[in-house]
Amino acid sequence: MGLRNGSLVCDHCSSTVFEFESFQIAWAAKDSLDSNAGFSYTTQTWQEIDVGENKGCNWCDILWGEIPVWYQRHKKKDCPMPEETFKITVRFQKRNSEDHIVLRVIVEDDWPALIWQVASPWAFKLASDCLVQCTLRHHCPKARETSLPTRVVDCSNPERPKLVLTKGMRGFYAALSYVWGEPQPHSTCTTKLSTYLEAIDILLLPQTIKDAIVCTHNLNLRYLWTDSLCILQDSDEDKQREIPHMCDIYRDAYVTIIAASSQKVSEGFLRDRKRPVETPLPFWCPDGRLGTISVDEDESARPNKEPVNLRAWCFQERVLSPRTLVYASHTLQYQCQTAMSDIGDIWHYLPSTELGELRLPDMMISRTPCSTPSSDDVQVLLAAWEDVLRDYTQRAVSYPSDRLVAISGIAQLFQRWWGSSNRYIAGLWERNLSTDLLWYRHQPSQGRLVTGQYLAPSWSWAATIGRVVAGSDTKGTARNILWDVQLCEAISVSDNHPLGQVKGGKLIVRAIVKDVTWDPTEPELFEL
(Lines give C-alpha, C1' and ligand atoms only; values in the text may rest on other atoms or scores of the structure.)
Protein backbone atom coordinates (compact mmCIF):
# COMPACT_ATOMS: atom_id res chain seq x y z
CA MET A 1 0.00 0.00 0.00
CA GLY A 2 1.54 3.25 -1.10
CA LEU A 3 1.75 6.12 1.41
CA ARG A 4 2.19 9.82 0.60
CA ASN A 5 3.34 13.01 2.30
CA GLY A 6 6.08 11.45 4.40
CA SER A 7 4.11 8.23 5.06
CA LEU A 8 1.38 10.06 6.98
CA VAL A 9 -1.74 8.58 5.37
CA CYS A 10 -2.60 5.74 3.02
CA ASP A 11 -3.76 6.12 -0.59
CA HIS A 12 -7.44 5.74 0.27
CA CYS A 13 -7.35 8.49 2.90
CA SER A 14 -5.26 10.69 0.59
CA SER A 15 -7.87 10.45 -2.15
CA THR A 16 -10.83 11.13 0.14
CA VAL A 17 -10.58 13.31 3.23
CA PHE A 18 -7.08 14.61 2.36
CA GLU A 19 -7.82 15.35 -1.28
CA PHE A 20 -7.45 19.11 -1.82
CA GLU A 21 -11.11 19.98 -2.54
CA SER A 22 -12.56 17.87 0.28
CA PHE A 23 -9.98 19.18 2.73
CA GLN A 24 -10.92 22.76 1.85
CA ILE A 25 -14.57 21.96 2.61
CA ALA A 26 -13.58 20.66 6.05
CA TRP A 27 -11.38 23.73 6.66
CA ALA A 28 -14.08 26.20 5.57
CA ALA A 29 -16.46 24.75 8.18
CA LYS A 30 -14.64 26.71 10.89
CA ASP A 31 -16.25 29.90 9.56
CA SER A 32 -19.73 28.39 9.20
CA LEU A 33 -22.61 28.64 11.65
CA ASP A 34 -24.07 25.41 10.25
CA SER A 35 -23.52 22.60 12.76
CA ASN A 36 -23.60 20.09 9.89
CA ALA A 37 -20.89 21.84 7.88
CA GLY A 38 -17.81 19.86 6.96
CA PHE A 39 -16.74 17.12 4.59
CA SER A 40 -18.50 13.75 4.80
CA TYR A 41 -17.38 10.54 3.13
CA THR A 42 -17.71 6.78 3.39
CA THR A 43 -14.68 4.97 4.74
CA GLN A 44 -12.99 1.94 3.26
CA THR A 45 -13.98 -1.35 4.89
CA TRP A 46 -13.11 -1.97 8.52
CA GLN A 47 -10.61 -4.60 7.40
CA GLU A 48 -8.86 -2.03 5.19
CA ILE A 49 -8.84 0.51 8.07
CA ASP A 50 -7.23 -2.16 10.25
CA VAL A 51 -4.60 -2.84 7.59
CA GLY A 52 -3.96 0.88 7.13
CA GLU A 53 -3.50 1.38 10.87
CA ASN A 54 -0.99 -1.48 11.02
CA LYS A 55 0.96 -0.01 8.09
CA GLY A 56 1.25 3.42 9.72
CA CYS A 57 -1.62 5.48 8.27
CA ASN A 58 -2.30 8.11 10.92
CA TRP A 59 -5.87 8.78 9.79
CA CYS A 60 -6.70 5.08 9.88
CA ASP A 61 -5.21 5.07 13.38
CA ILE A 62 -7.66 7.79 14.48
CA LEU A 63 -10.62 5.92 12.97
CA TRP A 64 -9.39 2.61 14.39
CA GLY A 65 -9.56 4.10 17.88
CA GLU A 66 -12.93 5.83 17.54
CA ILE A 67 -15.16 3.56 15.43
CA PRO A 68 -15.12 0.58 17.87
CA VAL A 69 -16.31 2.89 20.67
CA TRP A 70 -19.24 3.98 18.52
CA TYR A 71 -19.86 0.38 17.48
CA GLN A 72 -19.96 -0.97 21.01
CA ARG A 73 -22.45 1.67 22.04
CA HIS A 74 -24.79 1.36 19.08
CA LYS A 75 -24.39 -2.25 17.92
CA LYS A 76 -23.62 -3.78 21.31
CA LYS A 77 -20.73 -5.69 19.74
CA ASP A 78 -17.00 -5.41 20.39
CA CYS A 79 -15.74 -4.96 16.84
CA PRO A 80 -17.14 -4.14 13.38
CA MET A 81 -17.44 -6.81 10.70
CA PRO A 82 -14.52 -6.79 8.22
CA GLU A 83 -16.71 -5.64 5.29
CA GLU A 84 -18.51 -2.81 7.12
CA THR A 85 -18.01 0.84 6.15
CA PHE A 86 -18.90 4.02 8.02
CA LYS A 87 -19.93 7.59 7.32
CA ILE A 88 -17.38 10.03 8.71
CA THR A 89 -17.78 13.82 8.90
CA VAL A 90 -14.66 15.93 9.28
CA ARG A 91 -14.66 19.61 10.16
CA PHE A 92 -12.33 22.19 11.63
CA GLN A 93 -13.86 24.48 14.22
CA LYS A 94 -12.91 27.61 16.14
CA ARG A 95 -13.01 27.37 19.89
CA ASN A 96 -12.97 30.47 22.13
CA SER A 97 -10.76 32.52 19.82
CA GLU A 98 -9.81 33.06 16.19
CA ASP A 99 -6.50 31.25 16.68
CA HIS A 100 -7.75 28.22 18.63
CA ILE A 101 -8.67 25.60 16.03
CA VAL A 102 -9.81 22.06 16.78
CA LEU A 103 -10.46 19.11 14.49
CA ARG A 104 -13.80 17.32 14.97
CA VAL A 105 -14.37 13.75 13.75
CA ILE A 106 -17.99 12.53 13.76
CA VAL A 107 -19.05 8.91 13.21
CA GLU A 108 -22.42 8.28 11.52
CA ASP A 109 -23.76 11.75 12.37
CA ASP A 110 -25.01 10.78 15.84
CA TRP A 111 -21.81 10.01 17.75
CA PRO A 112 -20.37 12.87 19.86
CA ALA A 113 -17.53 14.33 17.88
CA LEU A 114 -14.03 13.29 18.74
CA ILE A 115 -12.16 16.56 19.30
CA TRP A 116 -8.47 16.99 18.59
CA GLN A 117 -6.28 19.98 19.38
CA VAL A 118 -4.46 21.28 16.32
CA ALA A 119 -0.85 22.43 16.30
CA SER A 120 1.24 23.60 13.39
CA PRO A 121 4.20 25.86 12.59
CA TRP A 122 1.85 28.74 11.80
CA ALA A 123 0.17 28.28 15.18
CA PHE A 124 3.54 28.64 16.89
CA LYS A 125 4.21 31.76 14.84
CA LEU A 126 0.90 33.28 15.95
CA ALA A 127 1.85 32.58 19.53
CA SER A 128 5.24 34.25 19.15
CA ASP A 129 3.73 37.32 17.52
CA CYS A 130 1.18 37.48 20.31
CA LEU A 131 3.88 37.99 22.92
CA VAL A 132 5.23 41.04 21.07
CA GLN A 133 1.82 42.50 20.32
CA CYS A 134 0.72 42.09 23.92
CA THR A 135 3.19 44.67 25.22
CA LEU A 136 1.92 47.20 22.69
CA ARG A 137 -1.75 46.92 23.57
CA HIS A 138 -3.19 49.42 25.98
CA HIS A 139 -5.13 46.74 27.84
CA CYS A 140 -1.90 45.30 29.20
CA PRO A 141 -0.42 48.01 31.43
CA LYS A 142 3.24 48.72 30.94
CA ALA A 143 5.29 47.58 33.90
CA ARG A 144 6.52 50.39 36.09
CA GLU A 145 8.46 50.74 39.29
CA THR A 146 6.28 50.44 42.35
CA SER A 147 6.67 50.49 46.09
CA LEU A 148 8.06 47.11 47.10
CA PRO A 149 6.17 44.95 49.62
CA THR A 150 7.30 45.06 53.26
CA ARG A 151 9.76 42.21 52.72
CA VAL A 152 11.17 40.67 49.55
CA VAL A 153 13.78 38.04 48.77
CA ASP A 154 16.95 39.35 47.13
CA CYS A 155 17.75 36.92 44.30
CA SER A 156 20.79 38.70 42.88
CA ASN A 157 22.85 35.73 44.08
CA PRO A 158 20.53 32.72 43.67
CA GLU A 159 22.94 30.53 45.63
CA ARG A 160 22.78 32.87 48.60
CA PRO A 161 19.42 34.65 48.70
CA LYS A 162 18.48 36.90 51.58
CA LEU A 163 15.49 38.69 52.97
CA VAL A 164 15.26 42.48 52.57
CA LEU A 165 13.24 44.97 54.62
CA THR A 166 12.25 47.44 51.92
CA LYS A 167 11.27 50.46 54.07
CA GLY A 168 9.67 52.37 51.20
CA MET A 169 12.06 51.20 48.45
CA ARG A 170 10.76 51.19 44.88
CA GLY A 171 11.57 48.77 42.10
CA PHE A 172 10.48 45.71 40.15
CA TYR A 173 9.75 42.32 41.64
CA ALA A 174 8.27 38.93 40.79
CA ALA A 175 5.57 37.27 42.90
CA LEU A 176 5.06 33.53 43.33
CA SER A 177 1.77 31.60 43.30
CA TYR A 178 1.92 27.93 44.24
CA VAL A 179 0.34 25.14 46.28
CA TRP A 180 1.87 24.57 49.72
CA GLY A 181 0.60 21.00 49.99
CA GLU A 182 2.78 20.33 53.03
CA PRO A 183 4.39 22.21 55.95
CA GLN A 184 7.36 24.49 55.30
CA PRO A 185 9.49 24.24 58.45
CA HIS A 186 12.06 26.72 57.14
CA SER A 187 9.65 29.53 56.35
CA THR A 188 10.30 32.90 57.95
CA CYS A 189 9.33 33.27 61.62
CA THR A 190 10.25 35.80 64.29
CA THR A 191 13.25 33.77 65.53
CA LYS A 192 14.70 33.35 62.01
CA LEU A 193 14.13 36.87 60.71
CA SER A 194 17.51 38.31 61.69
CA THR A 195 19.31 35.29 60.21
CA TYR A 196 17.40 35.47 56.95
CA LEU A 197 18.24 39.16 56.62
CA GLU A 198 21.88 38.07 56.39
CA ALA A 199 21.39 35.01 54.19
CA ILE A 200 19.01 32.11 53.61
CA ASP A 201 20.50 28.63 53.33
CA ILE A 202 19.26 27.63 49.87
CA LEU A 203 19.61 23.93 50.75
CA LEU A 204 16.90 24.27 53.40
CA LEU A 205 14.26 25.65 51.03
CA PRO A 206 11.71 23.43 49.24
CA GLN A 207 12.22 22.96 45.52
CA THR A 208 9.42 25.28 44.36
CA ILE A 209 10.92 28.20 46.31
CA LYS A 210 14.38 27.37 44.96
CA ASP A 211 13.03 27.28 41.41
CA ALA A 212 11.25 30.61 41.90
CA ILE A 213 14.51 32.22 43.05
CA VAL A 214 16.34 30.88 40.00
CA CYS A 215 13.50 31.96 37.71
CA THR A 216 13.44 35.48 39.16
CA HIS A 217 17.22 35.80 38.73
CA ASN A 218 17.06 34.56 35.12
CA LEU A 219 14.35 37.12 34.36
CA ASN A 220 16.87 39.81 35.36
CA LEU A 221 14.74 40.72 38.34
CA ARG A 222 16.36 41.20 41.72
CA TYR A 223 13.43 40.71 44.07
CA LEU A 224 10.89 37.95 44.68
CA TRP A 225 7.83 38.00 46.90
CA THR A 226 6.63 34.68 48.29
CA ASP A 227 4.36 34.28 51.29
CA SER A 228 6.40 31.66 53.17
CA LEU A 229 9.46 33.91 53.33
CA CYS A 230 7.94 37.39 53.26
CA ILE A 231 5.27 36.97 55.95
CA LEU A 232 6.16 35.94 59.50
CA GLN A 233 4.40 32.60 59.66
CA ASP A 234 4.28 32.45 63.46
CA SER A 235 2.88 35.96 63.90
CA ASP A 236 -0.87 36.55 63.66
CA GLU A 237 -0.14 40.25 63.98
CA ASP A 238 2.12 40.23 60.93
CA LYS A 239 -0.39 38.18 58.93
CA GLN A 240 -3.16 40.65 59.79
CA ARG A 241 -0.88 43.44 58.61
CA GLU A 242 0.35 41.82 55.36
CA ILE A 243 -2.63 39.83 54.04
CA PRO A 244 -4.74 42.98 53.46
CA HIS A 245 -2.03 44.02 50.95
CA MET A 246 -2.46 40.93 48.73
CA CYS A 247 -4.37 42.93 46.15
CA ASP A 248 -1.52 45.38 45.60
CA ILE A 249 1.25 42.79 45.98
CA TYR A 250 0.01 40.82 42.98
CA ARG A 251 -1.32 43.80 41.03
CA ASP A 252 2.02 45.60 41.26
CA ALA A 253 4.27 42.61 40.53
CA TYR A 254 6.25 42.85 37.32
CA VAL A 255 5.26 39.23 36.71
CA THR A 256 3.72 36.44 38.77
CA ILE A 257 5.35 33.04 38.51
CA ILE A 258 2.67 30.33 38.77
CA ALA A 259 3.83 26.83 39.69
CA ALA A 260 0.64 25.41 38.19
CA SER A 261 1.61 21.76 37.88
CA SER A 262 3.09 21.17 41.34
CA GLN A 263 0.89 19.47 43.93
CA LYS A 264 3.19 20.38 46.80
CA VAL A 265 6.02 22.80 47.43
CA SER A 266 8.73 20.11 47.47
CA GLU A 267 8.05 19.13 43.84
CA GLY A 268 9.36 22.24 42.10
CA PHE A 269 8.37 23.35 38.62
CA LEU A 270 11.59 23.76 36.58
CA ARG A 271 11.56 20.38 34.91
CA ASP A 272 11.21 19.00 31.41
CA ARG A 273 7.67 18.54 30.15
CA LYS A 274 6.74 15.50 28.13
CA ARG A 275 5.57 16.43 24.68
CA PRO A 276 2.05 15.07 24.09
CA VAL A 277 1.65 12.06 21.84
CA GLU A 278 0.91 13.75 18.55
CA THR A 279 -0.55 12.44 15.32
CA PRO A 280 0.84 14.21 12.23
CA LEU A 281 -1.57 14.66 9.31
CA PRO A 282 -1.36 16.33 5.88
CA PHE A 283 -2.54 19.92 5.73
CA TRP A 284 -3.42 21.78 2.55
CA CYS A 285 -2.47 25.43 2.90
CA PRO A 286 -4.77 28.06 1.34
CA ASP A 287 -2.17 28.71 -1.37
CA GLY A 288 -2.27 25.06 -2.46
CA ARG A 289 0.94 23.91 -0.79
CA LEU A 290 0.86 20.62 1.09
CA GLY A 291 2.13 20.90 4.65
CA THR A 292 1.70 19.11 7.97
CA ILE A 293 -0.29 19.62 11.15
CA SER A 294 -0.20 17.65 14.37
CA VAL A 295 -3.29 16.73 16.35
CA ASP A 296 -3.64 15.61 19.93
CA GLU A 297 -6.68 14.38 21.84
CA ASP A 298 -8.49 17.27 23.49
CA GLU A 299 -8.11 15.99 27.07
CA SER A 300 -4.33 16.43 27.16
CA ALA A 301 -4.15 20.04 28.37
CA ARG A 302 -6.96 21.20 30.63
CA PRO A 303 -6.36 24.10 33.00
CA ASN A 304 -8.88 22.75 35.50
CA LYS A 305 -6.67 19.71 36.06
CA GLU A 306 -3.77 21.76 37.39
CA PRO A 307 -3.26 21.60 41.18
CA VAL A 308 -2.96 25.38 41.43
CA ASN A 309 -6.45 25.76 39.93
CA LEU A 310 -7.99 23.67 42.68
CA ARG A 311 -6.82 25.93 45.52
CA ALA A 312 -8.73 28.99 46.73
CA TRP A 313 -5.74 31.16 47.67
CA CYS A 314 -4.19 30.73 44.22
CA PHE A 315 -7.29 32.12 42.51
CA GLN A 316 -6.85 35.77 43.43
CA GLU A 317 -3.09 35.52 43.00
CA ARG A 318 -3.57 34.76 39.30
CA VAL A 319 -6.63 36.93 38.63
CA LEU A 320 -5.05 40.03 40.17
CA SER A 321 -1.73 39.64 38.31
CA PRO A 322 -1.39 41.71 35.14
CA ARG A 323 1.25 39.33 33.73
CA THR A 324 1.90 35.68 34.57
CA LEU A 325 4.37 32.95 33.66
CA VAL A 326 2.44 29.71 34.05
CA TYR A 327 4.53 26.56 34.49
CA ALA A 328 1.75 24.18 33.42
CA SER A 329 1.91 20.41 33.14
CA HIS A 330 2.31 20.50 29.37
CA THR A 331 4.02 23.80 28.66
CA LEU A 332 5.26 27.19 29.82
CA GLN A 333 2.78 29.95 29.09
CA TYR A 334 2.88 33.73 29.19
CA GLN A 335 -0.50 35.30 29.92
CA CYS A 336 -1.74 38.84 30.22
CA GLN A 337 -5.15 40.48 29.96
CA THR A 338 -5.32 40.25 26.17
CA ALA A 339 -3.15 37.33 25.12
CA MET A 340 -1.61 33.97 25.89
CA SER A 341 1.60 32.62 24.38
CA ASP A 342 3.26 29.28 24.71
CA ILE A 343 6.99 29.76 25.15
CA GLY A 344 9.27 27.77 22.88
CA ASP A 345 8.53 24.92 20.48
CA ILE A 346 5.81 23.19 22.46
CA TRP A 347 2.17 22.26 22.06
CA HIS A 348 0.00 25.23 21.20
CA TYR A 349 -2.85 25.62 23.66
CA LEU A 350 -5.06 28.67 23.96
CA PRO A 351 -7.01 29.67 27.06
CA SER A 352 -10.75 29.37 27.49
CA THR A 353 -13.31 30.30 30.10
CA GLU A 354 -12.75 27.05 31.96
CA LEU A 355 -11.73 26.86 35.59
CA GLY A 356 -8.35 28.53 35.92
CA GLU A 357 -8.80 30.81 32.92
CA LEU A 358 -11.14 33.53 34.26
CA ARG A 359 -10.01 37.09 33.62
CA LEU A 360 -11.42 40.26 35.09
CA PRO A 361 -13.03 42.78 32.73
CA ASP A 362 -10.62 44.95 30.77
CA MET A 363 -11.75 48.10 32.55
CA MET A 364 -10.61 46.71 35.92
CA ILE A 365 -7.02 46.59 34.71
CA SER A 366 -7.03 50.39 34.94
CA ARG A 367 -5.39 51.69 38.11
CA THR A 368 -7.61 54.76 38.23
CA PRO A 369 -11.26 53.73 38.66
CA CYS A 370 -13.90 56.37 38.12
CA SER A 371 -15.24 57.99 41.26
CA THR A 372 -18.73 56.78 40.36
CA PRO A 373 -19.25 53.79 38.03
CA SER A 374 -21.43 54.36 35.00
CA SER A 375 -24.55 52.25 34.39
CA ASP A 376 -22.58 50.14 31.91
CA ASP A 377 -19.76 49.69 34.43
CA VAL A 378 -22.28 48.58 37.06
CA GLN A 379 -23.52 45.76 34.84
CA VAL A 380 -19.96 44.70 34.05
CA LEU A 381 -19.04 44.63 37.74
CA LEU A 382 -22.11 42.62 38.72
CA ALA A 383 -21.52 40.02 35.99
CA ALA A 384 -17.82 39.80 36.84
CA TRP A 385 -18.58 39.13 40.50
CA GLU A 386 -20.87 36.25 39.53
CA ASP A 387 -18.00 34.75 37.50
CA VAL A 388 -15.62 35.22 40.42
CA LEU A 389 -17.90 33.36 42.83
CA ARG A 390 -18.52 30.52 40.40
CA ASP A 391 -14.78 29.85 40.01
CA TYR A 392 -13.64 30.66 43.53
CA THR A 393 -16.20 28.75 45.57
CA GLN A 394 -15.44 25.39 43.98
CA ARG A 395 -11.83 25.62 45.09
CA ALA A 396 -10.51 24.13 48.32
CA VAL A 397 -9.23 25.88 51.43
CA SER A 398 -7.21 24.07 54.07
CA TYR A 399 -8.86 26.15 56.80
CA PRO A 400 -12.58 26.96 56.40
CA SER A 401 -11.99 30.27 58.20
CA ASP A 402 -10.06 31.41 55.11
CA ARG A 403 -13.21 31.32 52.98
CA LEU A 404 -13.55 35.14 52.97
CA VAL A 405 -9.88 35.92 53.55
CA ALA A 406 -8.62 34.16 50.40
CA ILE A 407 -10.87 36.28 48.17
CA SER A 408 -10.41 39.56 50.04
CA GLY A 409 -7.86 40.89 47.54
CA ILE A 410 -10.35 40.61 44.70
CA ALA A 411 -13.08 42.10 46.90
CA GLN A 412 -10.75 45.02 47.59
CA LEU A 413 -10.30 45.65 43.87
CA PHE A 414 -14.07 45.53 43.30
CA GLN A 415 -14.57 47.91 46.25
CA ARG A 416 -12.21 50.41 44.63
CA TRP A 417 -14.33 50.33 41.50
CA TRP A 418 -17.61 50.64 43.38
CA GLY A 419 -16.24 53.44 45.53
CA SER A 420 -18.73 54.91 47.97
CA SER A 421 -21.66 53.69 45.86
CA ASN A 422 -21.48 50.17 47.26
CA ARG A 423 -20.37 48.29 50.38
CA TYR A 424 -18.95 44.78 50.74
CA ILE A 425 -20.62 42.79 53.52
CA ALA A 426 -19.30 39.28 54.20
CA GLY A 427 -19.20 38.29 50.52
CA LEU A 428 -22.30 40.22 49.42
CA TRP A 429 -22.73 43.71 47.98
CA GLU A 430 -25.14 46.10 49.68
CA ARG A 431 -26.23 47.76 46.45
CA ASN A 432 -27.25 44.39 45.00
CA LEU A 433 -28.36 42.78 48.25
CA SER A 434 -31.81 41.65 47.08
CA THR A 435 -30.18 39.64 44.30
CA ASP A 436 -27.04 38.59 46.15
CA LEU A 437 -29.16 36.92 48.84
CA LEU A 438 -30.52 34.56 46.16
CA TRP A 439 -27.30 32.54 46.08
CA TYR A 440 -27.60 28.77 46.36
CA ARG A 441 -25.33 25.77 46.50
CA HIS A 442 -24.66 24.32 43.05
CA GLN A 443 -25.07 20.75 44.27
CA PRO A 444 -26.48 20.70 47.80
CA SER A 445 -25.41 17.09 48.33
CA GLN A 446 -21.77 18.02 47.75
CA GLY A 447 -21.65 21.29 49.66
CA ARG A 448 -21.78 21.41 53.43
CA LEU A 449 -22.21 23.67 56.42
CA VAL A 450 -19.31 23.92 58.86
CA THR A 451 -20.26 23.12 62.43
CA GLY A 452 -18.39 24.17 65.54
CA GLN A 453 -16.70 27.10 63.79
CA TYR A 454 -18.10 30.48 62.78
CA LEU A 455 -17.34 31.37 59.17
CA ALA A 456 -19.90 34.01 58.20
CA PRO A 457 -23.54 34.96 58.76
CA SER A 458 -25.93 32.24 57.62
CA TRP A 459 -27.27 34.51 54.89
CA SER A 460 -23.83 34.69 53.25
CA TRP A 461 -22.50 32.07 50.83
CA ALA A 462 -19.27 32.14 52.87
CA ALA A 463 -21.04 30.21 55.64
CA THR A 464 -20.90 27.07 53.46
CA ILE A 465 -18.17 25.01 51.86
CA GLY A 466 -18.60 24.03 48.21
CA ARG A 467 -19.50 25.66 44.94
CA VAL A 468 -22.24 28.27 45.02
CA VAL A 469 -24.15 30.00 42.26
CA ALA A 470 -24.39 33.74 42.73
CA GLY A 471 -27.80 35.32 42.94
CA SER A 472 -29.07 36.29 39.51
CA ASP A 473 -32.01 38.49 38.59
CA THR A 474 -32.36 38.08 34.84
CA LYS A 475 -36.11 38.80 35.01
CA GLY A 476 -35.69 41.88 37.17
CA THR A 477 -38.09 40.68 39.88
CA ALA A 478 -35.68 41.35 42.75
CA ARG A 479 -35.57 45.03 41.88
CA ASN A 480 -39.27 45.31 42.71
CA ILE A 481 -39.11 43.37 45.95
CA LEU A 482 -41.24 44.88 48.71
CA TRP A 483 -38.96 45.09 51.67
CA ASP A 484 -36.90 47.55 53.60
CA VAL A 485 -33.37 46.60 54.68
CA GLN A 486 -33.12 48.21 58.08
CA LEU A 487 -29.70 46.84 59.00
CA CYS A 488 -27.05 44.76 57.27
CA GLU A 489 -23.62 44.51 58.77
CA ALA A 490 -20.70 42.16 59.37
CA ILE A 491 -18.18 42.47 62.16
CA SER A 492 -14.58 41.99 61.04
CA VAL A 493 -12.12 39.99 63.09
CA SER A 494 -9.45 42.62 62.42
CA ASP A 495 -9.86 46.35 61.93
CA ASN A 496 -6.84 46.17 59.61
CA HIS A 497 -8.70 43.78 57.32
CA PRO A 498 -12.34 44.84 57.04
CA LEU A 499 -12.92 42.75 53.90
CA GLY A 500 -11.51 39.56 55.43
CA GLN A 501 -12.63 37.17 58.15
CA VAL A 502 -15.74 38.08 60.14
CA LYS A 503 -16.87 37.10 63.63
CA GLY A 504 -20.50 38.15 63.44
CA GLY A 505 -23.20 39.73 61.33
CA LYS A 506 -26.77 40.90 61.36
CA LEU A 507 -29.47 41.36 58.73
CA ILE A 508 -32.78 43.00 59.67
CA VAL A 509 -35.46 43.55 57.05
CA ARG A 510 -39.05 44.73 57.20
CA ALA A 511 -41.26 43.01 54.67
CA ILE A 512 -44.60 41.39 53.93
CA VAL A 513 -44.54 37.74 55.01
CA LYS A 514 -46.53 34.82 53.59
CA ASP A 515 -46.87 31.30 54.91
CA VAL A 516 -45.34 28.62 52.71
CA THR A 517 -45.08 24.87 52.94
CA TRP A 518 -41.67 23.38 52.31
CA ASP A 519 -41.43 19.86 50.92
CA PRO A 520 -38.13 18.36 52.16
CA THR A 521 -38.17 15.80 49.33
CA GLU A 522 -38.29 18.63 46.81
CA PRO A 523 -36.23 21.34 48.54
CA GLU A 524 -36.46 23.71 45.60
CA LEU A 525 -40.28 23.73 45.62
CA PHE A 526 -42.36 25.90 47.89
CA GLU A 527 -46.15 25.88 48.06
CA LEU A 528 -48.02 29.08 48.91
Side-chain angles (χ1 to χ4, degrees), residues 177 179-180 243 246-247 250 258 260 302-321 352-361 364 380-415 418 422 424-430 432-451 453-474 478 490 492-493 497 499-502 505 507 523-524:
S177 178
V179 175
W180 276 51
I243 289 177
M246 289 295 103
C247 178
Y250 283 93
I258 301 181
R302 293 279 182 159
N304 57 6
K305 292 182 177 180
E306 300 287 16
V308 77
N309 289 330
L310 303 177
R311 304 301 300 177
W313 277 100
C314 298
F315 175 65
Q316 69 174 6
E317 294 167 359
R318 185 188 62 79
V319 169
L320 292 171
S321 302
S352 67
T353 55
E354 297 179 41
L355 180 69
E357 296 298 324
L358 176 69
R359 290 175 178 169
L360 295 177
M364 296 187 74
V380 170
L381 291 170
L382 293 176
W385 186 253
E386 288 186 24
D387 292 338
V388 164
L389 286 191
R390 182 182 64 250
D391 194 326
Y392 173 75
T393 56
Q394 58 188 307
R395 294 166 177 251
V397 289
S398 299
Y399 304 100
S401 58
D402 286 345
R403 185 81 156 153
L404 284 171
V405 182
I407 199 177
S408 60
I410 296 178
Q412 184 177 349
L413 181 60
F414 272 81
Q415 185 68 80
W418 283 115
N422 209 346
Y424 183 73
I425 309 170
L428 309 181
W429 293 97
E430 185 177 39
N432 201 47
L433 195 58
S434 298
T435 300
D436 278 8
L437 286 169
L438 298 176
W439 65 268
Y440 59 92
R441 286 187 285 178
H442 181 252
Q443 291 181 314
S445 61
Q446 294 183 6
R448 60 184 174 90
L449 292 172
V450 177
T451 58
Q453 182 180 10
Y454 186 84
L455 301 185
S458 60
W459 37 265
S460 168
W461 56 264
T464 69
I465 296 297
R467 180 181 175 184
V468 302
V469 179
S472 180
D473 186 29
T474 55
S492 302
V493 169
H497 199 190
L499 305 186
Q501 187 178 0
V502 299
L507 173 63
E524 294 182 359

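Here, residue 1 is the first one in the sequence, and each next residue gets the next number. Keep in mind the model is a prediction, meaning the values are calculated, not measured.
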### Query
For the residue pair Phe414 and Trp429, does the interplanar ring angle fall in the parallel (under 30°), tilted (30 to 60°) or perpendicular (over 60°) class?
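Tilted, since the angle between the ring planes falls between 30° and 60°.
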### Parallel, tilted or perpendicular, as decided by the 30° and 60° cut-offs, for the rings of Tyr392 and Phe315
tilted
Just wondering, do [Y] and [X] contact through their side chains at under 4.5 Å, heavy atoms?
X	Y	value
Pro457	Val502	yes
Leu360	Val388	yes
Arg318	Ser177	no
Leu413	Val319	no
Ile425	Leu433	no
Trp439	Thr464	yes
Gln501	Leu404	no

Check for a donor-acceptor pair, side chain of [X] on one end and backbone N or O of [Y] on the other, with a separation under 3.5 Å.
X	Y	result
Gln415	Tyr424	yes
Asn422	Glu430	yes
Gln412	Cys247	no
Trp459	Leu437	no

Between [atom1] of [X] and [atom2] of [Y], what distance do you get to the nearest 0.5 Å?
X	Y	atom1	atom2	value
Asp436	Glu386	CG	CD	8.5 Å
Gln316	Asp391	CD	CG	12.5 Å
Ser460	Arg403	OG	CZ	9.0 Å
Thr393	His442	OG1	NE2	9.5 Å

Locate the shortest heavy-atom distance separating [X] from [Y]; write the atom from each residue and the value.
X	Y	result
His497	Val405	CE1-CG1, 3.9 Å
Leu455	Ala463	CD1-O, 4.1 Å
Gly505	Tyr454	N-OH, 3.5 Å

### Task
Dump the intermediate steps for side-chain contact (heavy atoms from CB on, under 4.5 Å) on Met364 and Leu381, then the final yes or no.
CA-CA 9 Å; Met364 296 187 74; Leu381 291 170; 3.9 Å; yes
### Message
If we check side chain to side chain contact (heavy atoms under 4.5 Å, CB included) with Trp385, which of these qualifies: Ile410, Val380, Leu428?
### Response
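Filter result, single survivor: Ile410.
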### Task
Could you check Gln453 against Ser401 for side-chain contact (heavy atoms from CB on, under 4.5 Å), going step by step and ending with a plain yes or no?
CA-CA 8 Å; Gln453 182 180 10; Ser401 58; 3.4 Å; yes
### Query
Does a donor on one side chain and an acceptor on the other come within less than 3.5 Å for Ser398 and Arg311?
yes
